[in-house]
Amino acid sequence: MKQYYITIILTFLILTSTYGQTNKNSCDCPKTEYAETKADTTFHLSNGKSIVLCGYKNPKSNPITYSEFILSVCGQDTIIDFWGALLTCQLKVNKDTLFVYELQNLPIGKNFKYQETVWTTEKIYFCGQKNFRKHLVNRQIRKYTEKEIQTVLKTYETEKYGLNESKMVIANKLLIATISGNKKARQYFKEFKTKFGILDGAFAEEYSQLKAMLELWDKKE
């Protein structure tokens with residue numbers, strides 16, 4: 001329960017922070033295959049550096065979120081990186097650092113309700129003229145209780161063959177049960193790709209994303 005409230009507080013602090021400015025000495029992005037060159041948002045750091053964002057702003061989001069975008073240091077002809085269409089991110093400046101928060105909708109709420117939360121935080125900062133990046137997974141994300149884990153395992157064991165949206169919900173729950181420390185959930189998560197049928201299309205894409213999330217979680221920072 002304590003971890004649950006820590007996650008809520010962390011998300012709240014991010015949502016109430018100061019985000020990029022759109023009308024203050026902005027420059028354009030270099031030409032790439034990923035996005036238009038006209039900057040949507042410029043992030044001004046306390047060290048005098050400016051980072052521009054070119055890409056898609058989600059029009060209904062509040063605070064603002066972005067998908068399928070590039071970041072570039074103002075005045076440079078190369079990009080920092082490209083963030084794809086499957087990602088939803090919030091960005092904010094804290095002094096001399098730009099924070100990129102990757103958001104994921106995960107079943108970590110009460111009664112397994114889906115809740116948008118910070119999955120990873122990337123820090124972009126400078127040492128002299130060179131930019132550096134540090135990528136951290138949110139290890140304060142709420143974990144399942146033992147009772148919740150057993151509910152997930154039983155659901156997996158008793159579900160009938162055949163792929164549908166409800167089966168992908170189980171995959172998401174198995175991910176959370178796995179990062180909560182349950183070995184059987186980890187085994188079931190690995191077996192999921194063939195348990196209910198051959199994954200393809202959107203289901204295969206979603207499972208690949210969940211698998212990548214687990215691999216990131218397992219990495220030592």
Side-chain angles (χ1 to χ4, degrees), residues 1-15 61 65 67 83-90 99-123 133-221:
M1 184 61 69
K2 182 179 179 182
Q3 288 182 328
Y4 176 75
Y5 286 114
I6 290 174
T7 300
I8 292 293
I9 292 170
L10 175 63
T11 303
F12 177 78
L13 289 174
I14 292 166
L15 299 184
S61 62
T65 60
S67 298
W83 284 258
L86 295 178
L87 300 178
T88 300
C89 300
Q90 290 174 347
F99 291 82
V100 181
Y101 300 102
E102 179 191 333
L103 306 179
Q104 290 289 346
N105 203 25
L106 297 170
I108 58 172
K110 186 176 181 181
N111 297 321
F112 301 107
K113 183 178 179 180
Y114 273 80
Q115 178 179 303
E116 190 173 69
T117 190
V118 175
W119 172 247
T120 63
T121 300
E122 183 164 6
K123 301 178 181 180
R133 302 164 65 182
K134 188 173 184 180
H135 199 224
L136 301 170
V137 66
N138 176 17
R139 299 194 180 276
Q140 297 303 316
I141 195 168
R142 187 183 85 83
K143 313 301 189 301
Y144 284 164
T145 64
E146 184 59 31
K147 183 178 179 181
E148 288 174 320
I149 291 172
Q150 293 306 315
T151 298
V152 172
L153 297 179
K154 185 175 181 180
T155 301
Y156 176 83
E157 292 164 352
T158 57
E159 279 289 322
K160 295 181 180 179
Y161 187 85
L163 284 168
N164 50 41
E165 291 288 348
S166 66
K167 300 299 196 309
M168 298 312 298
V169 171
I170 294 174
N172 279 263
K173 292 178 181 177
L174 285 172
L175 171 67
I176 304 303
T178 299
I179 68 174
S180 298
N182 188 271
K183 293 182 179 180
K184 183 173 283 190
R186 181 179 289 270
Q187 175 189 338
Y188 286 173
F189 181 80
K190 291 180 180 179
E191 295 173 354
F192 181 89
K193 60 183 177 182
T194 56
K195 168 75 171 178
F196 302 108
I198 302 301
L199 293 169
D200 61 5
F203 291 156
E205 194 171 322
E206 182 176 354
Y207 181 74
S208 293
Q209 183 180 14
L210 294 174
K211 186 178 177 182
M213 290 169 67
L214 181 57
E215 290 172 354
L216 181 61
W217 181 271
D218 288 340
K219 284 183 178 180
K220 292 182 178 180
E221 295 174 350

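As a basis for the values below, the full set of heavy atoms in this structure was taken, side chains included, without hydrogen atoms, waters or symmetry mates. All figures in this text were calculated on a predicted structure; none of them were measured in a lab.
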Heavy-atom distance under 4.5 Å between the side chains of Leu216 and His135, does that happen here? yes

Which donor-acceptor pairs under 3.5 Å do side chains of residues 206-215 form with protein atoms, sequence neighbours excluded?
| from | atom 1 | to | atom 2 | distance (Å) |
| --- | --- | --- | --- | --- |
| Glu206 | OE2 | Asn172 | ND2 | 3.0 |
| Tyr207 | OH | Phe189 | O | 2.7 |
| Ser208 | OG | Ala204 | O | 3.0 |

If you compare all heavy atoms of Asn164 against all heavy atoms of Phe203, which two are closest, and at what distance to 0.1 Å? C-CZ, 3.7 Å

Give me the atom names and distance for the closest heavy-atom approach of Trp217 to Asn138. CZ3-O, 3.6 Å

Are side-chain heavy atoms of Phe112 and Val169 found at a separation under 4.5 Å? no

Kindly say whether the aromatic ring centers of Phe192 and Phe196 come within a distance under 6.0 Å. yes

Between Lys195 and Tyr156, is there a side-chain heavy-atom distance shorter than 4.5 Å? yes

Start with the C-alpha gap between Leu103 and Trp119, add the side-chain angles, then the distance that decides, and say whether side chain to side chain contact (heavy atoms under 4.5 Å, CB included) holds. CA-CA 6 Å; Leu103 306 179; Trp119 172 247; over 6 Å; no

For residues 146-160, the salt bridge (Lys or Arg N to Asp or Glu O under 4.0 Å) pairs (sequence neighbours left out) are Arg142-Glu148, Glu159-Lys167

Output yes when a side-chain donor or acceptor of Thr155 lies under 3.5 Å from a complementary backbone atom of Thr151, and no otherwise. yes

Using modelled atom types and a 3.5 Å cut-off, is there a donor and acceptor pairing between side-chain atoms of Ser67 and backbone atoms of Leu87? yes

What is the distance from atom CD1 of Ile108 to atom CD of Gln115, rounded to the nearest 0.5 Å? 4.5 Å

Lys/Arg-Asp/Glu bridge criterion (N-O < 4.0 Å) met for Lys134, Glu122: no

Once salt bridge (Lys or Arg N to Asp or Glu O under 4.0 Å) is applied, what residue pairs with a partner in residues 168-181 remain, sequence neighbours excluded? none

Residues in side-chain hydrogen bond (donor to acceptor under 3.5 Å, both in side chains) contact with Glu102, at least two apart in sequence or another chain: Gln104, Thr120

Please report the interatomic distance CG(Leu106) to NZ(Lys113), rounded to the nearest 0.5 Å. 14.5 Å

Compile the donor-acceptor pairs under 3.5 Å between side chains in residues 177-187 and protein atoms, sequence neighbours left out, one pair per line.
| from | atom 1 | to | atom 2 | distance (Å) |
| --- | --- | --- | --- | --- |
| Thr178 | OG1 | Leu174 | O | 2.7 |
| Thr178 | OG1 | Ala185 | O | 3.4 |
| Thr178 | OG1 | Arg186 | N | 3.3 |
| Ser180 | OG | Tyr144 | N | 2.8 |
| Ser180 | OG | Ile176 | O | 2.6 |
| Asn182 | OD1 | Lys184 | N | 3.1 |
| Asn182 | OD1 | Ala185 | N | 2.8 |
| Arg186 | NH1 | Asp218 | OD2 | 3.0 |
| Arg186 | NH2 | Asp218 | OD1 | 3.1 |
| Gln187 | NE2 | Glu191 | OE2 | 3.0 |

Heavy atoms of Tyr161 and Gly197 approach each other most closely as OH-CA, 3.2 Å

With Glu205, which residues qualify under side-chain hydrogen bond (donor to acceptor under 3.5 Å, both in side chains), at least two apart? none

